[in-house]
Amino acid sequence: MGIKGLMKLLADNAPNGMKEQKFESYFGRKIAIDASMSIYQFLIVVGRSGTEMLTNEAGETTSHLVGMFSRTIRLLEAGIKPVYVFDGKPPDLKKQELAKRYSRREDATDDLAKATESGNKEDIEKFSKRTVKVTSQHNDDCKKLLRLMGVPAVEAPSEAEAQCAALCKAEKVYAVASEDMDSLTFGAPKFLRHLMDPSSKKIPVMEFDISKVLEGLELSMDQFIDLCILCGCDYCDSIRGIGPQTALKLVRQHGSMESILENINKERYQIPDDWPYEEARRLFKEPLVVTDDEQTELKWAAPDEEGLVNFLVKENGFNIDRVTKAIEKIKTAKNKSSQGRLESFFKPVSTSAPVKRKGTKCVLVSPSPVTKFKTLSLRSRPGVLGRLIFPSLELGSNYSVPLSRHFCFGI
DNA sequence: ACTCTGGGTCTAGACGTT
DNA sequence: TGACCCAGAGT
DNA sequence: AACGTCC
């Protein structure tokens, strides 16, 4: 998935379109997340050793539930309101790519069999991860878990990333969190990378702003899509000999794919036969997504405590103490953040810049750097107060700020 | 010198205890 | 799967 | 930081 070399291209050519942010600065934000991608990661890594995974009594895998449960709680505790978006039917153009993945999994399955035969532990470890596939069972399990947790899930008619971007465009969420750069190609106004990386280790959250990215590249959105197709996407081959640099140069020089195709040296650059760039372009520009309010209404409800105990403890062998504690965490987090963002809490703590607000929209052309916070103990530690404490709360049970982009942070 | 390619590598969650 | 490094080749 | 556990 993704666009080949786009990350580096943007870092080099549109650095102003991206900025480092603190995990904590997303308090009160609604964030769209590709569920299948998350599940895939969990299956690869959670509780795996060799081919062994976490399972319930029936022997069914529960790694995805463990992963999704703890991650979602972590997000809620940080005041983030996650929306998980599930994949629908992939577009036909993606069939080729999917076939490639399938055959790679087949190869890995063979390799795994060999490794098992010879008892090579490292190889078993390595190859078993490559055989991981997200099934509809996994998806259904997670949808059920989310419903019980009171966290919304959206069913994408096709690509989840496209649906995430659509939610963001419609201002139903503040941003899309993904590791997959084609979120930007789908036009997500704001895109977060490394949101889930534990702040423990290095990498900060990287926030991309598509309008600034385009500004930096000096391209229109349509041109950006053509650039991505040239770099290499899931929907069609790229042209041999054209990488990110050349792609950017060509798009800037000629302005559109049609013009590029008319003007480049066809001897040097072999255009594949039946190259469906127009359809690829359409899939990025007008992907199949749901937009009506009925299906995309996002509600964060109270957890179904009994349901969670039944599902996780009774059916899937979770430790009951862990589950009850987790439920308390959800409820606490919900109370703390139910008022939405308290902007006063997030404004820079120090000097200058009086925060402008009021007025229906305050367009933050340069989103005033949210630098310092009054407190930041989001990680609960063992003996010490494992609670979030927000001093500013005292000034305002009736100071409630509707959670949305109306107030600030518009584009 | 710059760029693309292909081959190889390594890695991928979250939490608590020590 | 991606991200990174490297060697090699083409421009 | 390294390690073991989660189910």
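A note on names: the letters A, B, ... follow the listed sequences, proteins ahead of strands, and every chain is numbered from 1.
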Donor-acceptor pair between A:Asp140 and A:Gln137 side chains, under 3.5 angstrom: no
A:Thr246 and A:Tyr269: side chain donor to acceptor below 3.5 Å: no
Gap between atom CH2 of A:Trp300 and atom CD1 of A:Ile80 - 0.5 Å precision: 11.5 Å
Separation between the [atom1] atoms of [N] and [M], rounded to whole Å:
{"N": "B:dG13", "M": "C:dC4", "atom1": "C1'", "answer": "22 Å"}
{"N": "B:dT17", "M": "D:dC7", "atom1": "P", "answer": "15 Å"}
{"N": "D:dA2", "M": "B:dA12", "atom1": "P", "answer": "13 Å"}

Those residues of residues 302-322 of chain A lying under 4.0 Å from DNA chain C by at least one heavy atom: none
For DNA chain C, the residues among residues 96-105 of chain A that have a non-hydrogen atom under 4.0 Å from it: A:Arg101, A:Arg104
Sole residue of A:Met18, A:Met181, A:Glu207 in side-chain contact (heavy atoms from CB on, under 4.5 Å) with A:Arg193: A:Met181
Take the protein atom [atom1] of [X] and the nucleotide atom [atom2] of [N], then report the distance between them rounded to whole Å.
{"X": "A:His64", "N": "B:dA12", "atom1": "NE2", "atom2": "C1'", "answer": "18 Å"}
{"X": "A:Met181", "N": "C:dA3", "atom1": "CE", "atom2": "C1'", "answer": "13 Å"}
{"X": "A:Leu43", "N": "B:dG13", "atom1": "CG", "atom2": "P", "answer": "12 Å"}
{"X": "A:Ile203", "N": "B:dA12", "atom1": "CD1", "atom2": "C1'", "answer": "11 Å"}
{"X": "A:Glu77", "N": "B:dA14", "atom1": "CD", "atom2": "P", "answer": "13 Å"}
{"X": "A:Ile3", "N": "C:dT1", "atom1": "CD1", "atom2": "C1'", "answer": "14 Å"}
{"X": "A:Phe42", "N": "B:dC15", "atom1": "CZ", "atom2": "C1'", "answer": "13 Å"}
{"X": "A:Ile73", "N": "D:dC6", "atom1": "CD1", "atom2": "P", "answer": "17 Å"}

For the student: nearest non-hydrogen atoms of [X] and [Y], plus distance:
{"X": "A:Arg130", "Y": "A:Arg105", "answer": "O-CG, 3.2 Å"}
{"X": "A:Asn56", "Y": "A:Thr62", "answer": "N-CG2, 3.7 Å"}
{"X": "A:Ala280", "Y": "A:Cys236", "answer": "CB-SG, 4.1 Å"}

Check: A:Gln223 side chain, A:Ser220 main-chain N or O, donor-acceptor pair, under 3.5 Å: yes
Counterpart residues, side-chain contact (heavy atoms from CB on, under 4.5 Å), relative to A:Thr61 (two or more places apart):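 A:Thr61 satisfies side-chain contact (heavy atoms from CB on, under 4.5 Å) with A:Leu43, A:Met53, A:Ser63, A:His64 only.
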Identify whether any heavy atom of [X] sits under 4.0 Å from a base atom; if not, whether one sits that close to sugar-phosphate; answer base, sugar-phosphate or nothing.
{"X": "A:Thr55", "result": "base"}
{"X": "A:Lys129", "result": "base"}
{"X": "A:Arg193", "result": "sugar-phosphate"}

Between the protein and nucleotides 5-11 of chain C, which nitrogen or oxygen pairs are less than 3.5 angstrom apart?
unit_1: C:dT11; atom_1: O3'; unit_2: A:Arg268; atom_2: NH2; d: 2.7

Audit row: A:Leu250, A:Asn263, side-chain contact (heavy atoms from CB on, under 4.5 Å) steps and yes/no: CA-CA 10 Å; A:Leu250 288 173; A:Asn263 289 294; over 6 Å; no
Footprint string (nucleotides 4-11 of chain B, 5' to 3'): B base within contact, S backbone only, - free, heavy atoms under 4.0 Å: SSS-----
Test side-chain hydrogen bond (donor to acceptor under 3.5 Å, both in side chains) applied to A:Tyr102 and A:Glu97, step by step: CA-CA 9 Å; A:Tyr102 182 82; A:Glu97 175 66 25; over 6 Å; no
Heavy-atom side-chain proximity of A:Lys4 to A:Ser238 below 4.5 angstrom: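 Result yes, sub-4.5 Å side-chain heavy-atom pair found.
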Any A:Met221 side-chain heavy atom under 4.5 Å of A:Leu214 side chain: yes
Salt bridge (charged side-chain N to carboxylate O under 4.0 Å, His left out) involving A:Arg71 - partner list, sequence neighbours excluded: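 Once residues adjacent in sequence are excluded, A:Arg71 has no partner under the salt bridge (charged side-chain N to carboxylate O under 4.0 Å, His left out) criterion.
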